[in-house]
Colleague: 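Got a structure for you, questions after.
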Amino acid sequence: MVLEKIEGPNDIKKLEESELPILAEEIREFLIQRIAEHGGHLASNLGVVELTMAMHLYFQLPEDKIIWDVGHQSYTHKLLTGRKEGFECLRKFRGMSGFPKRKESSCDSFDTGHSSTSISAGLGYAEAREIVGDSYQVVSVIGDGALTGGMAYEALNNASRLKTNFIIVLNDNKMSISENVGGLSSHLGNLRTADAYQGLKTGVTNSLNKIPVYGERMVEQIRRTKSGIKQLLIPGMLFENMGITYLGPIDGHDIGAMVRGFREASKVNGAVLLHVLTQKGKGYLPAERHPARFHGAEPFKIETGLPQHRRTAANYTDIFSTVMRKLGEREEKVVAITAAMKDGTGLKRFGNMFPERFFDVGIAEEHAVTFAAGLAAAGLKPIVAVYSSFLQRAYDQMLHDVCIQDLPVVFAIDRAGLVGSDGETHQGIFDLSYLAPIPNMNIMAPKNKWELSDMIKFAVNFEHPVAIRYPRGEAYTGLKEYRNEIVFGKSEVIYQEDQIALLAVGNMVKIAEEVREQLKSHGYHCTLVNVRFVKPLDQEMLESLIGSHQLLVTMEENVLSGGFGEHVDCCLNEKRRELGCFAPEILNIAIPDVYVEHGNVDLLRRELRIDSASVTERILEQIEIEEEKRKGMA
């Protein structure tokens, strides 16, 4: 096997040219087998095999810097840098990440996970290189989808000022930017980067600029005339007009052509964009036909592409999807917005049934939120469906454009809490902390699938901003009999007892049920409260618990800092001062203020000590501490 010859960075350079197509085939076979077994990002990785090989053939790692946008397409890069064995534990706890990680390899130049960031990071490297006096090359890889993110254009605008080489690879797997493929474009690309042409252009410009009064005008006139001709012939004028040299398009599955493209791009004194055309899912027919399904794939059967384990129970996204479809039929003013996540957020059915009221704005969360604000200001009922980890990209827009105006925008926040295998960049464990400080923002979390449905319906008829956060995975079907009407700002007391009160947010209600049963076996009485509203805080409920309980336990799948538990602490401290009475001790169960790595969610909960067994243990430990204190005071 040719792949066996790759043991570390730059080993690909030792191969014979005839071995390269074999290596590409072996890489695809390896990725299909491993991802079929463990799950992971398949279609995007199959599409960039030859592109990655060409970069590793031309550039020298780790000296040169390759920066991947998002990074879920970096599996071939990991193979070519000697991490083949790591695929046995890909995306598992303490195993190899599915994204670039600097702590994992010196060949990973920048940690990524969210979109539209690679040009900014690469530009930072390029400028630092000049300041320090280094000579390495910098390559940022970005997909055509990621170019829908405004941050990419902010970076391109600044990259145009560069006077030294910086290569941007546009991995275009949908031909969404240009269809002008052919010999003319390739010829012009080679001509414009030839040494003679670059030297002539610089020499003529410098000479004309020296002519008093008229020189600058002549240069500007030539530039305008040249640009007009280019506009007819060259497919990359969008970039040329921004001051970025454009090369391509190039067949992204032709290794030789891409190596030649990198050679030409390296001659440019400034930022240069190399346009590469690839096919997502290439080499595996099910992924070619259904690239979205194989974006983030669960383990599957190679022969058919079907999942190894059929999902029978509905997840929270399914529930949201059904509710949205029904709302669309009943409420003509309901509109739905997603940032390139129509399938992932469950809006596909809504979009198919009500296309005139469905908006996929691309990877542009900031625009999505302000666009929703405009829709709301005009009298519609916008629902923004977004993953928790991506909503944080639109923080200013929520604060400035939605909440200052107190506009009735509904944020359906999917993947809230721990999400598992994608790791630090995708865990939705900060939303309670970043949403709660915003005035006019209201925050809800459902305990089960019925309550999610009820909350969406409540939110649509609510005349203020509201965020509903719900987790990834199977929707809880317990506590069906507890379907009390949702009253603004009010919690739901499920079991009323004394001694210990469990105040659980969203999916932690299920864990709180288990904790309650375990504590009962130790002889304790427990009240169980479904918080429902994280903001506004149900102060009346808290006051009702003060005199009858010795310990309040807050439970949330969010970081401790700024979370629900800290707000309860603050409220009870105020009550102590106001009432001058006994207040129970508080134990906050939350995720420590850390970035949580990838791994199975149940395992991560155990490691973080927020699973039912650990929570019970922590409560018993706290009771023991309080008893020791009382003995000491006596």
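Please read all numbers here as calculations on a predicted model, not as lab measurements.
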Colleague: For the residue pair D431 / S388, report whether a side-chain donor-acceptor contact shorter than 3.5 Å exists.
Modeller: yes

Colleague: Could you verify whether a donor N or O on one side chain and an acceptor N or O on the other, from N558 and S433, lie under 3.5 Å apart?
Modeller: yes

Colleague: Is there a side-chain contact between M55 and V141 (heavy atoms, below 4.5 Å)?
Modeller: yes

Colleague: Under the side-chain contact (heavy atoms from CB on, under 4.5 Å) test against L90, which residue among R83, M96, H41 passes?
Modeller: M96

Colleague: Look at R34 together with E88 and state whether they make a salt bridge at an N to O cut-off of under 4.0 Å.
Modeller: yes

Colleague: Heavy atoms, side chains only, cut-off 4.5 Å: are T81 and H56 in contact?
Modeller: yes

Colleague: Under 30°, 30 to 60°, or over 60°: which ring-plane class applies to H426 and F390, parallel, tilted or perpendicular?
Modeller: perpendicular

Colleague: Mark yes when over 12 heavy atoms from residues, nucleotides or ligands other than K163 sit less than 6.0 Å from its NZ; otherwise mark no.
Modeller: no

Colleague: Looking at R28 and E25, is any side-chain nitrogen of the basic one under 4.0 Å from a carboxylate oxygen of the acidic one?
Modeller: no

Colleague: Is there a donor-acceptor pair under 3.5 Å between the side chain of R469 and the backbone N or O of L432?
Modeller: no

Colleague: Does the pair D414 and T345 meet the rule for a side-chain hydrogen bond (donor to acceptor under 3.5 Å, both in side chains), with working shown?
Modeller: CA-CA 7 Å; D414 202 334; T345 60; over 6 Å; no

Colleague: Give a yes or no on whether the backbone of S389 and the side-chain of Q392 come within a donor-acceptor separation of less than 3.5 Å.
Modeller: yes

Colleague: Within a radius of less than 6.0 Å around CZ of F359, do more than 12 heavy atoms belonging to other residues, nucleotides or ligands occur?
Modeller: yes

Colleague: Taking the side chain from Q137 and the backbone from S266, do they hold a donor-acceptor pair closer than 3.5 Å?
Modeller: no

Colleague: With a 4.0 Å cut-off, would you call E298 and R293 a salt bridge?
Modeller: no

Colleague: What do you reckon, is CD of E17 surrounded by more than 12 foreign heavy atoms closer than 6.0 Å?
Modeller: no

Colleague: Between H114 and F99, is the ring centre distance below 6.0 Å?
Modeller: no

Colleague: Can you give me every donor-acceptor pair (side chain of residues 124-131, partner residue at least two apart or in another chain, under 3.5 Å) with its distance?
Modeller:
{"from": "Y125", "atom 1": "OH", "to": "S109", "atom 2": "O", "distance (Å)": "2.8"}
{"from": "R129", "atom 1": "NH1", "to": "Y136", "atom 2": "O", "distance (Å)": "3.0"}
{"from": "R129", "atom 1": "NH1", "to": "N165", "atom 2": "O", "distance (Å)": "3.2"}
{"from": "R129", "atom 1": "NH2", "to": "T164", "atom 2": "OG1", "distance (Å)": "3.2"}
{"from": "R129", "atom 1": "NH2", "to": "N165", "atom 2": "O", "distance (Å)": "2.6"}
{"from": "E130", "atom 1": "OE2", "to": "T164", "atom 2": "OG1", "distance (Å)": "3.4"}

Colleague: Is the centre of the Y246 ring less than 6.0 Å from the centre of the H275 ring?
Modeller: yes

Colleague: What is the ring orientation for F294 with F300, classed by angle as parallel under 30°, tilted 30 to 60°, or perpendicular over 60°?
Modeller: perpendicular

Colleague: What I want to find out is whether K78 reaches E85 closely enough, with some N-O distance under 4.0 Å, to be called a salt bridge.
Modeller: no

Colleague: Tell me whether D422 is salt-bridged to R91, with the criterion being a basic N under 4.0 Å from an acidic carboxylate O.
Modeller: yes

Colleague: For K101, is there an ion pair with D108 - N to carboxylate O distance below 4.0 angstrom?
Modeller: no

Colleague: Between K282 and E50, is there a salt bridge with N-O shorter than 4.0 Å?
Modeller: no

Colleague: Can you see whether N171 engages T278 through a side-chain donor-acceptor pair at a distance of less than 3.5 angstrom?
Modeller: yes

